[in-house]
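Worksheet: one structure, shown below.
Nothing fancy with the numbering, it's 1 onward along the sequence. Note: hydrogens, waters and symmetry copies are ignored here, and every other heavy atom, side chains too, is used.
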Amino acid sequence: MWYGMTEVSVTLPRSDAFVQQPVTTSLAPKAMRAAPPVGLVTLTVMLGLIMAIIDTSIVNVALTNMAGSLGSTIDEISWVATGYILANVIIMPLNGWLTARFGRKNYYAACLILFTVASLLCGTAQNVWVLVFYRVLQGLGGGALQPTAQAILFESYPPEKRGNAMAIFGLGAMVGPAIGPTLGGFLVDNFSWPLIFLVNVPIGIVAIVMTFLFIRDQNYVEKPKGGLDWMALSLMTVGLASLQYVLERGQHDDWFSSPTIAILSAVSVSTLVIFVIREIRDRTPLVDFRVFASRSFTAGCVIGIVSGFGLYGLNLVLPLFFQNVLRFDATQTGLALLPGAVATALSMPIAGRLVGKLDPRISIAAGIAMFGASAFWMGGLDQNAGYWDIFWPRNLQGFALGFLFVPLTTAALATVPLARMAGATGVYTLVRQLGGSLGIAILELLQIRQQDAAQSALAGRVTGSNPAIHAMLQNNHVQALQQLSAMVAQNAVVISYDYVFRLSGILFFLAIPTVFLLAGARKAPGGAPAHVAVE
């Protein structure tokens, strides 16, 4: 599209708080011809992205098998999942600084190498804590792959094609968490748990080779001056790790009745507040919070928390509902989740084509409304639900994600200068991840509390004055009591899951007004397709 030009003028977008001047970069025709095909760039980053995303959820269905094989408790083996997420949230906000410091190609290749080697080590681990350590290493590589891939895709496509680029990215970011349990269940049921890690090795090797061949460094990213701010890094690491630990382990440790949770909550708040203040005052910050000067980016992050809540929170609750209420095994659970992933894959290209033709706020509001409706629909399921009762609301939920994710990501990043894109995608991915962790923590808490309340209420109605109960007790008193206790417990579980489904739906409906904080669309001069307006 720019071939044959010796000079390219790139006008960076405006935002509420800052205005960038046009940047002119001289590029020789030979250098322009050497630019790799965008299709190969896309394939390269998607290989790394899909591996990283799938590995956030693929282990969830294999934890029991791992515990038995490694001789650990369920509580110990849960750190295999927690350690990966902890490493993810620590590395994500550093994406912009690390990319500028080491160059995009070297940084992305190093992340792939770390992820691939760690995957190999995970598959050979013979001790649970050794496996946890390897998962932390894998998480450091995987957490960096997501925002880097998003930045590369956004920058590699011209503005009118960025909706399509985010649709491609969304196929990995949204479909990955749903495919993970399906793939993990298949590998565990038919082979063995190490294979869920070893399968990454050949894919990682291919991605590493392609990175050196097709990924280019960007000349508009300025290398940070001075060394690493170790104090800021320490504050951020301690703060984010403490926060993620609280969200991951709070329900397990009964929240603030645990001294550990109470102390780490105070630590996370204090260290993160100091870190943010320090970074705002720093001229060369480790994490560039100036991207929040863009109203659209800030609004996109707020909506991203809600979408993360739905994506990760409900993706945790749904498998538990299938297994605890419907008695599905790992493979059946994966198959029940799969239609939603397929629906997302179908809606992403449609949403990508609508970007630039339709006001993004309309698509985002429609996506949020559809997701809310699907969650509320699931609130009517019970223990007698069959596959097709799940199929339709799950399809609507998956279809909604495409219309929510693609225009939201495009609109949120549209006003971010390209020089700050790597940092912005890191922060944006972190916000969505923390929104998911928050959603998981809140939904787990509410489900348990509602189950206890429902069980207490239902048990209070089981009295001998009820003719049906009286008849049951007449035949075999002990057996009848056992049956009644099981019935009460089962109905309490169903009520609790239906409660969190409907509450999630209400939350999504309440989030619709935040869409209007995003910038609208306007027609480009000469009748060109509409783009997201800058503020």
Side-chain angles (χ1 to χ4, degrees), residues 12-20 85-104 107 111 139-140 143-144 146-148 150-151 154 218 220-247 264-305 308 412-413 415-435 437-438 517 535:
L12 300 180
R14 300 179 56 185
S15 75
D16 290 333
F18 50 84
V19 178
Q20 289 74 37
I85 300 299
L86 283 173
N88 270 200
V89 300
I90 290 171
I91 199 67
M92 284 175 180
L94 297 175
N95 191 66
W97 191 91
L98 291 170
T99 297
R101 177 66 180 81
F102 299 106
R104 173 149 298 156
Y107 177 56
C111 293
L140 290 174
Q146 299 178 47
T148 307
Q150 187 173 25
F154 198 89
Q218 304 300 325
Y220 47 74
V221 178
E222 183 180 354
K223 189 172 182 177
K225 298 179 177 64
L228 178 63
D229 187 342
W230 290 102
M231 177 60 72
L233 178 62
S234 300
L235 288 168
M236 187 203 71
T237 301
V238 171
L240 287 177
S242 299
L243 175 60
Q244 188 64 31
Y245 181 94
V246 169
L247 295 176
L264 288 181
S265 296
V267 168
S268 67
V269 172
S270 58
T271 53
L272 289 177
V273 168
I274 296 172
F275 170 72
V276 171
I277 294 174
R278 183 185 180 93
E279 292 301 279
I280 290 174
R281 293 176 176 176
D282 197 335
R283 292 186 177 182
T284 56
L286 196 62
V287 178
D288 189 1
F289 288 106
R290 289 174 295 177
V291 292
F292 284 103
S294 165
R295 190 187 72 199
S296 280
F297 181 80
T298 303
C301 286
V302 173
I303 302 172
I305 293 175
L413 298 178
T415 58
V416 176
L418 291 180
R420 295 177 182 167
M421 187 59 62
T425 55
V427 172
Y428 186 78
T429 306
L430 173 67
V431 167
R432 193 173 67 243
Q433 177 66 56
L434 290 177
S437 297
L438 181 64
L517 296 174
E535 292 125 351

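Between Thr271 and Ser268 the shortest heavy-atom distance is OG1-O, 3.4 Å. Heavy-atom minimum distance, Tyr428 versus Gly300: CE1-O, 3.7 Å. Closest approach of Pro147 and Ala144 over heavy atoms only: CD-O, 3.5 Å. Across every non-hydrogen atom of Ala241 and Ile90, the tightest pair is CB-CD1, 4.1 Å. Closest heavy-atom contact between Leu243 and Leu272: CD2-CD1, 4.2 Å. The nearest pair of heavy atoms linking Ser242 to Leu264 is CB-O, 3.6 Å.
For the atom pair CZ of Phe275 and CG of Leu233, the computed distance is 8.5 Å after rounding to the nearest 0.5 Å. A distance of 13.5 Å separates CG in Leu94 from CZ in Arg101, rounded to the nearest 0.5 Å. Taken to the nearest 0.5 Å, the CD atom of Gln146 stands 6.0 Å off from the CG atom of Asn88. One finds the CD1 atom of Ile280 at 13.0 Å from the CZ atom of Arg278 (value rounded to the nearest 0.5 Å). In this structure, the separation between CG on Leu240 and CG on Leu86 is 10.0 Å, given to the nearest 0.5 Å. Distance check: Met92 CE to Leu140 CG gives 11.0 Å after rounding to the nearest 0.5 Å.
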**OP:** Starting from the C-alpha separation in whole Å, work towards a yes-or-no answer on side-chain contact (heavy atoms from CB on, under 4.5 Å) for Thr148 and Leu98.
**Re:** CA-CA 10 Å; Thr148 307; Leu98 291 170; over 6 Å; no

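A distance-only check finds no donor-acceptor pair linking the side chain of Thr237 to the backbone of Ser234 [under 3.5 Å]. At least one donor-acceptor pair closer than 3.5 Å links the side chain of Thr298 to the backbone N or O of Phe292.
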